[in-house]
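As a basis for the values below, the full set of heavy atoms in this structure was taken, side chains included, without hydrogen atoms, waters or symmetry mates. Residue numbers begin at 1 in each chain, while the letters A, B, ... track the order of the sequences.
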Protein chains: 2
Amino acid sequence: MAAAAGVSRATVSYVLNGVDARVSDETRERVLKAARTLGYTPNAMASALRAGRTSVVIFALPNWPLGPALGEFLSGCVTELDRLGYTPLVHFVHASGPDGLQKACDRVRPVGVVAPSGDLPPERIEALRGNGTHGFVLMGRDPVPGVPTFILDQNRVGAVAIEHLAERGHQRVLALTPLDPQLGDLGEVRLAGAQEAAERLGVTLTHVPADELQRGLEVEPTGVYAFNDELALGALDALPDGVALIGTDDSPAARLSHPRLTTIRFGGQDNPARIASTLHAQIAGETIQEPVINSTPTVVQGETT
Amino acid sequence: MAAAAGVSRATVSYVLNGVDARVSDETRERVLKAARTLGYTPNAMASALRAGRTSVVIFALPNWPLGPALGEFLSGCVTELDRLGYTPLVHFVHASGPDGLQKACDRVRPVGVVAPSGDLPPERIEALRGNGTHGFVLMGRDPVPGVPTFILDQNRVGAVAIEHLAERGHQRVLALTPLDPQLGDLGEVRLAGAQEAAERLGVTLTHVPADELQRGLEVEPTGVYAFNDELALGALDALPDGVALIGTDDSPAARLSHPRLTTIRFGGQDNPARIASTLHAQIAGETIQEPVINSTPTVVQGETT
DNA sequence: TTGAAAGCGCTAACAA
DNA sequence: TTGTTAGCGCTTTCAA
């Protein structure tokens, strides 16, 4: 490449990295033309080696059920990170082996990582810091000291649902959960939150896996809380008239259903932007002012409650 | 590191890469211990630079609606690739800028790429080949000459749905589509396939966006084909008794709904494994025998048709 | 305004 | 069985 343009490798580097002060217009033109002709792309491995860092940000996705809400959130994060000049890539934690995230980080040396707090313990973070990873955002229920954390309080989701039903006078409530082990840990926390709220508010909560819906109806509930919108929609037709129903996720389908489903929306629109900028600030070496990003669940009122 | 173990860098490299023939047991032990003590991790950038290739496989995800079916497929691909020793990472094509995939490939120099055929034209593939990318699997409607292709015939999905309804004697059918622009291109192709099949079979097909379901019912359809299961479930309660309903995706919620939803399952269980092994073979320099991986949609019979 | 050269951390060929 | 060394492609300092 340098030879093709008749200049030194150094000059090529300056041109391609926009250090304009250093090269004459004429030389720059020649280099750019040669680059185009040859289809030259700088070797990112080499420059990463030299610089001691890549532009990659790994988003470690835990075993969450893939749906519209998650898609929107992920897309948002990717878009923001891309805008800031990073190369965001999603790693499926549960689908790789036990040390999948660890291995992925060792192999791409990301400059930043977004990961569930459970998958990235403090000692790993320390190890990564020494390897060129400078930005961290954890996702979890509780704040992690010293590391910016995106609070996803599934516990609260369950509580909000029950509070909503209780406010409307429902005393016997069914909690409808997917069979899918995917919702596993996530679901347990939600259920616990719902249970707590139920006790607090004097609501009788019966937990029923989705495939036993019919059996659950024997307790003659006045309200049903489904752990996701699909489940709610699937139950809608089977529920006796007058039984209230609230789903979770605010999926597009919930907005389009007849009757329109009441559901729970998780988190604000600007969370992806805040996650991205938190990462960016850390990587730039700034101190983070707000180490906690809160995601509050809110009820989206429909016609089913 | 080499110094800490009192050996040369070469020896460290051999030990950590399992070239056992070269080092004595005693030396190996010493090196491994030192590595553990120091928390030493080989710099993958350096070794990638040296080797001319990384272990990363980029899976370029187009603007498909995220749901359980896609999740299963993606997880499958990731698991298989991981098993083969690669580092699979998912790139959200639509969420990055226009040349997002290009940029991502330039920055991580993946050894393999799985991408929609529309996002990876032949000239790009050629360029990538020169940059250390040796495995390609395209996803699209039609085979691409010279490149293994995973055939996703959305056209056929639409046709299968209409055929299923026609077989059961339905002559007036509603096609219920999401508003979501996400399904855009994908949806158009499906609709076209359904339209063709309808004409062929003498079925009257009316296309209605999901938010106009009520208006669609004025044509008094005897069957409804929804472009995804969530939409189908959302409509279930609103449809008059006796109207047949078929969804798309075979989502868990469809299996759990009451009545159980008839739906369309897309593709076989072993597609991820075939995609992974096709990539693997190419990277190993083998010639691919079966350059086309077919994904045939099949009806999953429920109680709604 | 430009070139020469060092060095990022690793691996593989060659020497001992 | 182990050490020495060249060189992967880049950026950046120093010299011209």
Side-chain angles (χ1 to χ4, degrees), chain A residues 1-32 34-35 38-56 85 87 105-111 127-128 130-134, chain B residues 1-35 38-56 85 87 103 105-111 127-128 130-134:
Chain A
M1 166 63 205
V7 297
S8 74
R9 285 155 47 190
T11 307
V12 174
S13 173
Y14 285 121
V15 171
L16 265 45
N17 291 304
V19 185
D20 288 359
R22 205 179 185 290
V23 287
S24 65
D25 288 0
E26 187 232 4
T27 310
R28 182 170 38 253
E29 269 319 309
R30 207 152 30 119
V31 171
L32 289 174
L38 300 178
Y40 171 78
T41 311
N43 183 322
M45 293 302 106
S47 80
L49 175 59
R50 178 67 225 250
R53 66 168 54 172
T54 64
S55 72
V56 174
T87 309
C105 287
D106 288 346
R107 310 245 251 214
V108 308
R109 302 245 158 174
V111 69
L128 286 178
N131 280 346
T133 306
H134 299 112
Chain B
M1 165 64 204
V7 297
S8 76
R9 284 157 46 191
T11 306
V12 173
S13 173
Y14 285 121
V15 170
L16 266 46
N17 291 305
V19 185
D20 288 0
R22 204 178 186 289
V23 289
S24 66
D25 288 1
E26 186 232 5
T27 310
R28 182 169 39 252
E29 270 318 309
R30 208 153 30 119
V31 171
L32 289 174
K33 191 164 140 199
L38 299 178
Y40 170 78
T41 310
N43 184 321
M45 291 304 106
S47 84
L49 175 60
R50 179 66 227 253
R53 66 168 56 172
T54 64
S55 71
V56 173
T87 308
K103 233 175 50 187
C105 287
D106 287 346
R107 310 246 251 213
V108 308
R109 300 245 158 176
V111 69
L128 286 178
N131 280 346
T133 306
H134 298 113

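Spacing between atom CG of B/Asn43 and atom P of D/dG9 amounts to 17 Å, rounded to whole angstrom units. What separates CG of A/Asn131 from P of C/dG9 is a distance of 11 Å, to the nearest Å. One can place CG of A/Leu49 at 9 Å from C1' of D/dG9, the figure rounded to the nearest angstrom. Per the geometry, CG belonging to B/Asp20 stands 12 Å off P belonging to D/dT2, to the nearest Å. When the P atom of D/dG9 is taken as reference, atom CZ of B/Arg109 falls 9 Å away, rounded to whole Å. One interatomic measurement links the two molecules: CG of A/Leu38 to C1' of D/dG9, which rounds to 15 Å at whole-angstrom precision.
When distances are taken from the side chain of A/Ser24 to each of C/dT1, D/dG9, D/dG3, the shortest belongs to C/dT1. When distances run from any side-chain atom of B/Thr11 to the nucleotides D/dT2, C/dT1, C/dC8, the shortest one goes to D/dT2.
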Taking N or O atoms only and anything under 3.5 Å, show me the protein contacts with nucleotides 12-16 of chain C, one pair per line.
{"from": "C/dA12", "atom 1": "N7", "to": "B/Tyr14", "atom 2": "OH", "distance (Å)": "3.3"}
{"from": "C/dC14", "atom 1": "N4", "to": "B/Arg22", "atom 2": "NH2", "distance (Å)": "3.3"}

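With sequence neighbours excluded, the residues that form a side-chain contact (heavy atoms from CB on, under 4.5 Å) with A/Ser13 are A/Asn17. The side-chain contact (heavy atoms from CB on, under 4.5 Å) check on A/Ala44 picks up nothing, with sequence neighbours excluded. In terms of the side-chain contact (heavy atoms from CB on, under 4.5 Å) criterion, A/Ala127 has no residue partners (sequence neighbours excluded). A/Arg53 is linked by a salt bridge (Lys or Arg N to Asp or Glu O under 4.0 Å) to nothing, counting only residues two or more places apart in sequence or in another chain. Applying the salt bridge (Lys or Arg N to Asp or Glu O under 4.0 Å) test to B/Arg107 and every residue at least two apart in sequence or in another chain returns nothing.
An OP1 or OP2 oxygen of C/dT1 is reached within less than 4.0 angstrom by no side-chain nitrogen or oxygen of A/Thr27.
Looking at heavy-atom distances under 4.0 Å, B/Ala21 makes contact with sugar-phosphate atoms alone, never a base. Residue B/Val7 is classed as a sugar-phosphate contact, given heavy-atom separations below 4.0 Å to backbone atoms only.
Between B/Lys103 and B/Asp106, no side-chain nitrogen of the basic residue sits less than 4.0 Å from a carboxylate oxygen of the acidic one, so the salt-bridge criterion is not met.
Among A/Val56, A/Thr133, A/Leu128, A/Asn131, the one residue that satisfies the side chain to side chain contact (heavy atoms under 4.5 Å, CB included) test with A/Cys105 is A/Leu128.
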